[in-house]
Amino acid sequence: MSDQPSSQNALHISQNYPVPLSPPLPLISKNMELARAMSASSKSSLFTLSRNDVVYEDQWLIVVNKPQGIYCESVLESVPKLLFDSGLEGKAPELHLANRLDRDTSGVMIITKSHKVAAKLVKAFTDHKVSKTYIARCIGSAPQWERITVKSGHGRSKFGAWRVYAASDVGRSLPGGSVVRDMETSFEVLSINGQGSFREPSEFRTDDDDKILVVEEQAVIDGDAKKDEILVIARPRSGRTHQIRLHCQYLGISIRGDVKYEGVYEWKGTTYGGHELHAERLSLEHPITGLRILFRAPLPSWANQGAKTFRHLPLFPYWLHYSYLPSEVLTSSCSSSLLLLIA
(Lines give C-alpha, C1' and ligand atoms only; values in the text may rest on other atoms or scores of the structure.)
Protein backbone atom coordinates (compact mmCIF):
# COMPACT_ATOMS: atom_id res chain seq x y z
CA MET A 1 0.00 0.00 0.00
CA SER A 2 1.32 3.45 -0.89
CA ASP A 3 2.39 5.78 1.93
CA GLN A 4 1.16 8.73 -0.14
CA PRO A 5 -2.11 10.24 1.21
CA SER A 6 -5.13 9.71 -0.96
CA SER A 7 -6.75 12.71 -2.63
CA GLN A 8 -9.61 12.40 -0.17
CA ASN A 9 -7.24 12.47 2.81
CA ALA A 10 -5.30 15.37 1.31
CA LEU A 11 -8.53 17.30 0.93
CA HIS A 12 -9.39 16.56 4.56
CA ILE A 13 -5.97 17.78 5.70
CA SER A 14 -6.27 20.98 3.64
CA GLN A 15 -9.66 21.67 5.16
CA ASN A 16 -8.50 21.15 8.72
CA TYR A 17 -7.60 24.79 9.17
CA PRO A 18 -9.77 27.06 11.32
CA VAL A 19 -12.44 28.98 9.44
CA PRO A 20 -12.19 32.79 9.47
CA LEU A 21 -15.23 34.53 10.93
CA SER A 22 -14.87 37.90 9.20
CA PRO A 23 -15.70 38.30 5.48
CA PRO A 24 -13.12 38.08 2.70
CA LEU A 25 -11.85 41.29 1.16
CA PRO A 26 -14.52 43.04 -0.95
CA LEU A 27 -13.90 42.78 -4.70
CA ILE A 28 -13.89 46.56 -5.05
CA SER A 29 -11.06 46.91 -2.52
CA LYS A 30 -8.33 45.53 -4.80
CA ASN A 31 -8.40 48.30 -7.39
CA MET A 32 -9.09 51.01 -4.83
CA GLU A 33 -6.25 49.89 -2.59
CA LEU A 34 -3.90 49.82 -5.58
CA ALA A 35 -4.88 53.37 -6.51
CA ARG A 36 -4.43 54.52 -2.92
CA ALA A 37 -1.04 52.83 -2.67
CA MET A 38 0.16 54.56 -5.84
CA SER A 39 -1.09 57.92 -4.58
CA ALA A 40 0.58 57.38 -1.21
CA SER A 41 3.86 56.41 -2.89
CA SER A 42 3.80 59.65 -4.85
CA LYS A 43 2.95 61.75 -1.78
CA SER A 44 5.48 59.93 0.39
CA SER A 45 8.31 60.50 -2.08
CA LEU A 46 7.74 64.25 -1.75
CA PHE A 47 7.09 64.26 1.99
CA THR A 48 9.17 66.52 4.22
CA LEU A 49 8.83 66.45 7.97
CA SER A 50 8.36 69.88 9.54
CA ARG A 51 8.73 71.11 13.10
CA ASN A 52 4.96 71.41 13.23
CA ASP A 53 4.80 67.60 12.94
CA VAL A 54 7.03 67.09 15.97
CA VAL A 55 5.19 66.30 19.19
CA TYR A 56 8.29 65.89 21.34
CA GLU A 57 12.05 65.49 21.06
CA ASP A 58 14.92 64.78 23.41
CA GLN A 59 18.38 63.28 22.91
CA TRP A 60 16.96 59.76 22.73
CA LEU A 61 13.57 60.11 21.02
CA ILE A 62 11.69 62.12 18.47
CA VAL A 63 7.90 61.74 18.50
CA VAL A 64 5.92 62.90 15.47
CA ASN A 65 2.32 63.20 14.32
CA LYS A 66 2.27 61.10 11.14
CA PRO A 67 -0.11 62.41 8.48
CA GLN A 68 -2.69 60.22 6.77
CA GLY A 69 -1.62 58.74 3.44
CA ILE A 70 2.13 58.74 4.16
CA TYR A 71 4.22 55.61 4.68
CA CYS A 72 6.09 55.24 7.98
CA GLU A 73 9.37 54.65 6.17
CA SER A 74 9.07 58.02 4.43
CA VAL A 75 8.60 59.75 7.77
CA LEU A 76 11.70 57.99 9.11
CA GLU A 77 13.74 58.94 6.03
CA SER A 78 12.82 62.60 6.44
CA VAL A 79 14.04 62.88 10.04
CA PRO A 80 17.79 63.41 9.31
CA LYS A 81 17.09 66.48 7.18
CA LEU A 82 14.87 67.89 9.93
CA LEU A 83 17.62 67.34 12.50
CA PHE A 84 20.34 68.90 10.35
CA ASP A 85 18.13 71.85 9.47
CA SER A 86 17.65 72.34 13.21
CA GLY A 87 21.37 72.63 13.83
CA LEU A 88 22.56 69.06 14.29
CA GLU A 89 26.26 68.73 13.54
CA GLY A 90 28.27 65.63 12.75
CA LYS A 91 26.88 62.19 12.06
CA ALA A 92 23.14 61.53 12.00
CA PRO A 93 21.88 59.31 14.86
CA GLU A 94 20.86 55.69 14.35
CA LEU A 95 17.15 56.13 13.72
CA HIS A 96 14.60 53.35 14.21
CA LEU A 97 10.82 53.14 14.12
CA ALA A 98 9.58 52.15 17.58
CA ASN A 99 6.00 51.67 16.35
CA ARG A 100 4.37 51.50 12.95
CA LEU A 101 1.08 52.90 11.71
CA ASP A 102 -0.83 51.80 8.64
CA ARG A 103 -0.47 54.00 5.58
CA ASP A 104 -3.76 55.81 6.14
CA THR A 105 -3.62 55.87 9.94
CA SER A 106 -2.46 59.18 11.37
CA GLY A 107 -1.11 60.02 14.79
CA VAL A 108 1.66 59.38 17.30
CA MET A 109 4.76 57.66 15.99
CA ILE A 110 7.96 57.24 18.03
CA ILE A 111 11.40 57.24 16.41
CA THR A 112 14.44 56.34 18.50
CA LYS A 113 17.93 57.73 18.06
CA SER A 114 20.04 54.69 19.01
CA HIS A 115 20.05 50.90 18.86
CA LYS A 116 19.99 50.70 22.66
CA VAL A 117 16.86 52.81 23.02
CA ALA A 118 15.23 51.01 20.08
CA ALA A 119 15.79 47.64 21.76
CA LYS A 120 14.22 48.87 25.00
CA LEU A 121 11.13 50.18 23.25
CA VAL A 122 10.73 47.03 21.16
CA LYS A 123 10.68 45.07 24.42
CA ALA A 124 8.17 47.49 25.96
CA PHE A 125 5.80 47.06 23.01
CA THR A 126 6.31 43.29 22.95
CA ASP A 127 5.63 43.02 26.68
CA HIS A 128 2.44 45.13 26.31
CA LYS A 129 3.81 47.86 28.57
CA VAL A 130 2.73 50.61 26.18
CA SER A 131 -0.81 51.96 26.47
CA LYS A 132 -2.27 52.94 23.07
CA THR A 133 -5.41 54.95 22.42
CA TYR A 134 -6.94 55.48 18.99
CA ILE A 135 -9.94 57.41 17.74
CA ALA A 136 -11.95 56.10 14.79
CA ARG A 137 -14.91 57.41 12.84
CA CYS A 138 -17.15 54.53 11.85
CA ILE A 139 -20.32 54.00 9.83
CA GLY A 140 -22.92 51.44 10.89
CA SER A 141 -25.94 50.91 13.08
CA ALA A 142 -25.66 52.70 16.41
CA PRO A 143 -24.32 50.17 18.94
CA GLN A 144 -26.46 49.00 21.83
CA TRP A 145 -23.38 49.10 24.03
CA GLU A 146 -21.49 52.08 25.43
CA ARG A 147 -18.34 50.12 26.20
CA ILE A 148 -17.31 46.72 24.92
CA THR A 149 -14.20 44.52 24.89
CA VAL A 150 -13.77 42.17 21.94
CA LYS A 151 -11.62 39.05 22.33
CA SER A 152 -10.90 36.95 19.25
CA GLY A 153 -8.29 35.18 17.20
CA HIS A 154 -6.25 36.87 14.45
CA GLY A 155 -4.42 35.46 11.46
CA ARG A 156 -3.91 35.25 7.71
CA SER A 157 -6.43 33.30 5.70
CA LYS A 158 -5.67 31.00 2.77
CA PHE A 159 -5.30 33.94 0.39
CA GLY A 160 -3.11 36.03 2.68
CA ALA A 161 -5.69 38.49 4.00
CA TRP A 162 -5.90 39.27 7.71
CA ARG A 163 -9.09 37.89 9.23
CA VAL A 164 -10.87 37.49 12.55
CA TYR A 165 -10.92 33.94 13.96
CA ALA A 166 -12.67 32.39 16.93
CA ALA A 167 -11.02 32.91 20.30
CA SER A 168 -10.98 29.13 20.73
CA ASP A 169 -8.87 28.83 17.55
CA VAL A 170 -5.89 30.65 19.12
CA GLY A 171 -2.80 28.49 18.66
CA ARG A 172 -4.16 26.51 15.71
CA SER A 173 -2.14 26.32 12.50
CA LEU A 174 -3.02 28.36 9.42
CA PRO A 175 -2.06 28.02 5.74
CA GLY A 176 1.54 29.09 5.22
CA GLY A 177 2.75 27.86 8.60
CA SER A 178 1.50 30.72 10.80
CA VAL A 179 -0.84 30.28 13.75
CA VAL A 180 -3.93 32.05 15.07
CA ARG A 181 -2.94 34.57 17.72
CA ASP A 182 -5.03 36.25 20.38
CA MET A 183 -6.46 39.73 19.73
CA GLU A 184 -8.24 42.01 22.22
CA THR A 185 -9.59 45.54 21.79
CA SER A 186 -11.69 47.68 24.10
CA PHE A 187 -14.06 50.23 22.58
CA GLU A 188 -16.07 53.12 23.95
CA VAL A 189 -18.61 55.21 22.05
CA LEU A 190 -17.86 58.95 22.11
CA SER A 191 -20.66 60.21 19.89
CA ILE A 192 -23.38 59.10 17.50
CA ASN A 193 -24.21 61.44 14.63
CA GLY A 194 -22.25 64.19 16.37
CA GLN A 195 -24.14 63.91 19.65
CA GLY A 196 -22.27 62.83 22.74
CA SER A 197 -20.01 63.98 25.51
CA PHE A 198 -16.28 63.37 25.34
CA ARG A 199 -14.58 61.58 28.23
CA GLU A 200 -10.83 61.55 28.41
CA PRO A 201 -9.45 58.13 27.40
CA SER A 202 -7.81 57.65 30.80
CA GLU A 203 -11.31 57.47 32.24
CA PHE A 204 -11.91 54.33 30.18
CA ARG A 205 -12.60 51.61 32.67
CA THR A 206 -13.93 48.09 32.88
CA ASP A 207 -17.01 47.81 35.06
CA ASP A 208 -18.80 44.63 35.99
CA ASP A 209 -21.63 45.56 33.65
CA ASP A 210 -19.37 46.28 30.66
CA LYS A 211 -19.98 43.99 27.73
CA ILE A 212 -17.28 41.43 26.91
CA LEU A 213 -17.61 39.71 23.56
CA VAL A 214 -15.65 36.50 23.13
CA VAL A 215 -15.80 35.76 19.41
CA GLU A 216 -16.81 32.20 18.53
CA GLU A 217 -19.06 32.62 15.49
CA GLN A 218 -19.69 34.87 12.54
CA ALA A 219 -21.30 38.20 13.32
CA VAL A 220 -24.82 38.80 12.06
CA ILE A 221 -24.97 42.26 10.49
CA ASP A 222 -28.17 43.77 9.11
CA GLY A 223 -27.00 45.43 5.90
CA ASP A 224 -30.32 47.22 5.44
CA ALA A 225 -30.39 48.85 8.87
CA LYS A 226 -30.08 52.62 9.27
CA LYS A 227 -26.47 53.79 9.10
CA ASP A 228 -25.09 56.20 11.68
CA GLU A 229 -21.80 58.06 12.12
CA ILE A 230 -20.12 56.71 15.24
CA LEU A 231 -17.01 58.12 16.87
CA VAL A 232 -15.23 55.61 19.11
CA ILE A 233 -12.19 55.28 21.32
CA ALA A 234 -10.27 52.05 20.66
CA ARG A 235 -7.65 50.66 23.01
CA PRO A 236 -5.85 47.59 21.63
CA ARG A 237 -4.56 45.32 24.37
CA SER A 238 -2.55 43.33 21.81
CA GLY A 239 -0.74 44.65 18.76
CA ARG A 240 -1.97 42.67 15.76
CA THR A 241 -1.92 43.92 12.19
CA HIS A 242 -5.11 45.85 11.31
CA GLN A 243 -6.50 44.89 14.73
CA ILE A 244 -8.83 47.86 15.30
CA ARG A 245 -10.00 47.82 11.69
CA LEU A 246 -10.84 44.11 11.88
CA HIS A 247 -12.71 44.40 15.16
CA CYS A 248 -14.69 47.41 13.93
CA GLN A 249 -15.70 45.36 10.88
CA TYR A 250 -16.74 42.45 13.09
CA LEU A 251 -18.88 44.76 15.24
CA GLY A 252 -20.65 46.07 12.15
CA ILE A 253 -19.19 49.57 12.43
CA SER A 254 -16.43 49.54 9.81
CA ILE A 255 -14.21 52.60 9.76
CA ARG A 256 -15.23 55.20 7.22
CA GLY A 257 -13.06 54.98 4.12
CA ASP A 258 -11.70 51.53 5.01
CA VAL A 259 -12.64 49.72 1.81
CA LYS A 260 -10.49 46.71 2.72
CA TYR A 261 -12.76 45.95 5.68
CA GLU A 262 -16.15 46.97 4.28
CA GLY A 263 -15.97 50.63 5.23
CA VAL A 264 -17.93 53.05 3.04
CA TYR A 265 -15.79 55.16 0.72
CA GLU A 266 -18.63 57.45 -0.32
CA TRP A 267 -20.75 59.09 2.34
CA LYS A 268 -23.19 61.96 2.01
CA GLY A 269 -21.72 63.12 -1.26
CA THR A 270 -18.06 62.92 -0.22
CA THR A 271 -15.51 60.34 -1.40
CA TYR A 272 -12.86 59.30 1.10
CA GLY A 273 -9.35 58.41 0.02
CA GLY A 274 -8.35 56.62 3.20
CA HIS A 275 -9.69 55.27 6.47
CA GLU A 276 -10.29 57.57 9.43
CA LEU A 277 -8.24 56.13 12.26
CA HIS A 278 -5.97 58.26 14.45
CA ALA A 279 -3.37 57.18 17.04
CA GLU A 280 -4.28 59.86 19.56
CA ARG A 281 -1.93 58.93 22.38
CA LEU A 282 0.79 56.61 23.61
CA SER A 283 1.74 56.17 27.26
CA LEU A 284 4.90 54.38 28.35
CA GLU A 285 7.93 54.54 30.60
CA HIS A 286 10.67 56.69 29.13
CA PRO A 287 13.38 54.19 28.09
CA ILE A 288 16.15 56.19 29.81
CA THR A 289 14.62 58.23 32.64
CA GLY A 290 12.04 55.62 33.65
CA LEU A 291 9.38 58.32 34.06
CA ARG A 292 5.88 57.53 32.85
CA ILE A 293 5.30 59.73 29.83
CA LEU A 294 2.25 60.44 27.70
CA PHE A 295 2.43 61.63 24.10
CA ARG A 296 -0.65 63.09 22.44
CA ALA A 297 -1.20 63.98 18.78
CA PRO A 298 -3.61 66.78 17.78
CA LEU A 299 -6.97 65.50 16.60
CA PRO A 300 -7.66 65.49 12.85
CA SER A 301 -10.53 67.58 11.53
CA TRP A 302 -12.85 64.58 11.09
CA ALA A 303 -12.61 63.79 14.81
CA ASN A 304 -13.45 67.35 15.80
CA GLN A 305 -16.41 67.29 13.43
CA GLY A 306 -17.59 64.03 14.96
CA ALA A 307 -18.02 65.41 18.46
CA LYS A 308 -18.48 69.13 18.94
CA THR A 309 -17.40 68.89 22.57
CA PHE A 310 -13.81 68.11 21.53
CA ARG A 311 -13.06 71.75 20.92
CA HIS A 312 -13.90 72.56 24.55
CA LEU A 313 -11.33 70.19 26.03
CA PRO A 314 -8.76 71.83 28.33
CA LEU A 315 -5.20 71.86 27.04
CA PHE A 316 -4.04 69.98 30.12
CA PRO A 317 -6.63 67.53 31.50
CA TYR A 318 -7.47 68.07 35.16
CA TRP A 319 -6.87 64.43 35.98
CA LEU A 320 -3.10 64.55 35.39
CA HIS A 321 -0.27 66.11 37.30
CA TYR A 322 2.41 67.16 34.88
CA SER A 323 6.04 68.17 34.97
CA TYR A 324 8.91 68.21 32.53
CA LEU A 325 12.17 66.46 31.92
CA PRO A 326 15.24 68.46 32.98
CA SER A 327 15.75 71.40 30.65
CA GLU A 328 19.15 70.17 29.50
CA VAL A 329 17.48 67.05 28.09
CA LEU A 330 14.84 68.83 26.04
CA THR A 331 15.25 70.54 22.72
CA SER A 332 13.42 73.65 21.60
CA SER A 333 11.18 71.45 19.44
CA CYS A 334 9.28 69.98 22.38
CA SER A 335 5.63 70.94 22.20
CA SER A 336 4.71 71.23 25.88
CA SER A 337 1.00 71.24 25.09
CA LEU A 338 1.34 67.72 23.77
CA LEU A 339 3.70 66.24 26.38
CA LEU A 340 2.61 65.14 29.82
CA LEU A 341 4.65 63.33 32.44
CA ILE A 342 2.44 61.47 34.87
CA ALA A 343 3.48 61.99 38.45
With a 4.5 Å cut-off on side-chain heavy atoms, are [Y] and [X] touching?
| X | Y | answer |
| --- | --- | --- |
| Tyr250 | Val215 | yes |
| Pro143 | Leu251 | no |
| Leu82 | Val54 | yes |
| Val130 | Leu282 | yes |
| Val75 | Phe47 | yes |
| Phe159 | Pro175 | no |
| Tyr17 | Ser157 | no |
| Leu190 | Ile233 | yes |

Under the 3.5 angstrom rule, does the side chain of [X] hit a backbone N or O of [Y] as a donor-acceptor pair?
| X | Y | result |
| --- | --- | --- |
| Arg36 | Gly69 | no |
| Ser29 | Leu25 | no |
| Thr126 | Val122 | yes |
| Arg292 | Ser283 | yes |
| Ser141 | Lys226 | yes |
| Ser39 | Ala35 | no |

Cut-off 3.5 Å, side chains only: do [X] and [Y] have a donor facing an acceptor?
| X | Y | answer |
| --- | --- | --- |
| Ser131 | Arg235 | yes |
| His275 | Thr105 | yes |
| His278 | Ser106 | yes |
| Asn65 | Asp53 | no |
| Arg147 | Ser186 | no |
| Ser168 | Glu216 | yes |
| Tyr261 | His242 | yes |

Can you name the closest pair of heavy atoms from [X] and [Y] and give their distance?
| X | Y | value |
| --- | --- | --- |
| Leu88 | Pro93 | CD2-CD, 3.8 Å |
| Pro18 | Tyr165 | O-CE2, 3.4 Å |
| Asp104 | Gly274 | OD2-CA, 3.5 Å |
| Leu174 | Gly155 | CD1-CA, 3.7 Å |
| Gly107 | Leu101 | O-CD1, 3.7 Å |
| His128 | Ser238 | CE1-CA, 4.0 Å |

From CA spacing to verdict: side-chain contact (heavy atoms from CB on, under 4.5 Å), Thr185, Leu246: CA-CA 10 Å; Thr185 315; Leu246 281 162; over 6 Å; no
Would you indicate whether [X], at its atom [atom1], is surrounded by more than 12 heavy atoms from other residues, nucleotides or ligands within a distance under 6.0 Å?
| X | atom1 | value |
| --- | --- | --- |
| Asp127 | CG | yes |
| Arg172 | CZ | yes |
| Leu46 | CG | yes |

Ile110 and Leu284: CA distance, side-chain angles, deciding distance, side-chain contact (heavy atoms from CB on, under 4.5 Å) verdict: CA-CA 11 Å; Ile110 301 177; Leu284 68 158; 4.1 Å; yes
Member of Glu262, Lys260, Arg163 meeting the side chain to side chain donor-acceptor pair (under 3.5 Å) criterion with Gln249: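 The residue from Glu262, Lys260, Arg163 that satisfies side chain to side chain donor-acceptor pair (under 3.5 Å) with Gln249 turns out to be Glu262.
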Do the side chains of [X] and [Y] join up, straight or via other hydrophobic residues, at under 4.5 Å, putting them in one cluster?
| X | Y | value |
| --- | --- | --- |
| Phe84 | Leu49 | yes |
| Val117 | Phe295 | yes |
| Val63 | Tyr71 | no |
| Val19 | Val180 | no |
| Tyr265 | Trp302 | no |

State whether [X] and [Y] are salt-bridged, where the test is any N-O pair (Lys NZ or Arg NE/NH1/NH2 against Asp/Glu carboxylate O) under 4.0 Å.
| X | Y | answer |
| --- | --- | --- |
| Glu229 | Lys268 | yes |
| Lys113 | Glu94 | no |
| Glu57 | Arg51 | yes |
| Arg245 | Asp102 | yes |
| Arg256 | Asp258 | no |
| Arg240 | Glu184 | no |

Got a second to check how far [X]'s [atom1] is from [Y]'s [atom2], nearest 0.5 Å?
| X | Y | atom1 | atom2 | result |
| --- | --- | --- | --- | --- |
| Met109 | Arg100 | CE | CZ | 8.5 Å |
| His247 | Ile255 | NE2 | CD1 | 12.0 Å |
| Ile70 | Ser44 | CD1 | OG | 4.0 Å |
| Asp182 | Lys151 | CG | NZ | 10.0 Å |
| Arg103 | Lys66 | CZ | NZ | 9.0 Å |
| Ile192 | Asp228 | CD1 | CG | 6.5 Å |

Check against side-chain contact (heavy atoms from CB on, under 4.5 Å), His115 and His96: CA-CA 8 Å; His115 291 306; His96 304 270; 2.8 Å; yes
Whether Trp162 and His154 hold their rings parallel, tilted or perpendicular, with breakpoints at 30° and 60°: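 Ring orientation, 0 to 90° scale: parallel.
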Verdict with reasoning, Met183 to Val170, per side-chain contact (heavy atoms from CB on, under 4.5 Å): CA-CA 9 Å; Met183 178 165 68; Val170 171; over 6 Å; no
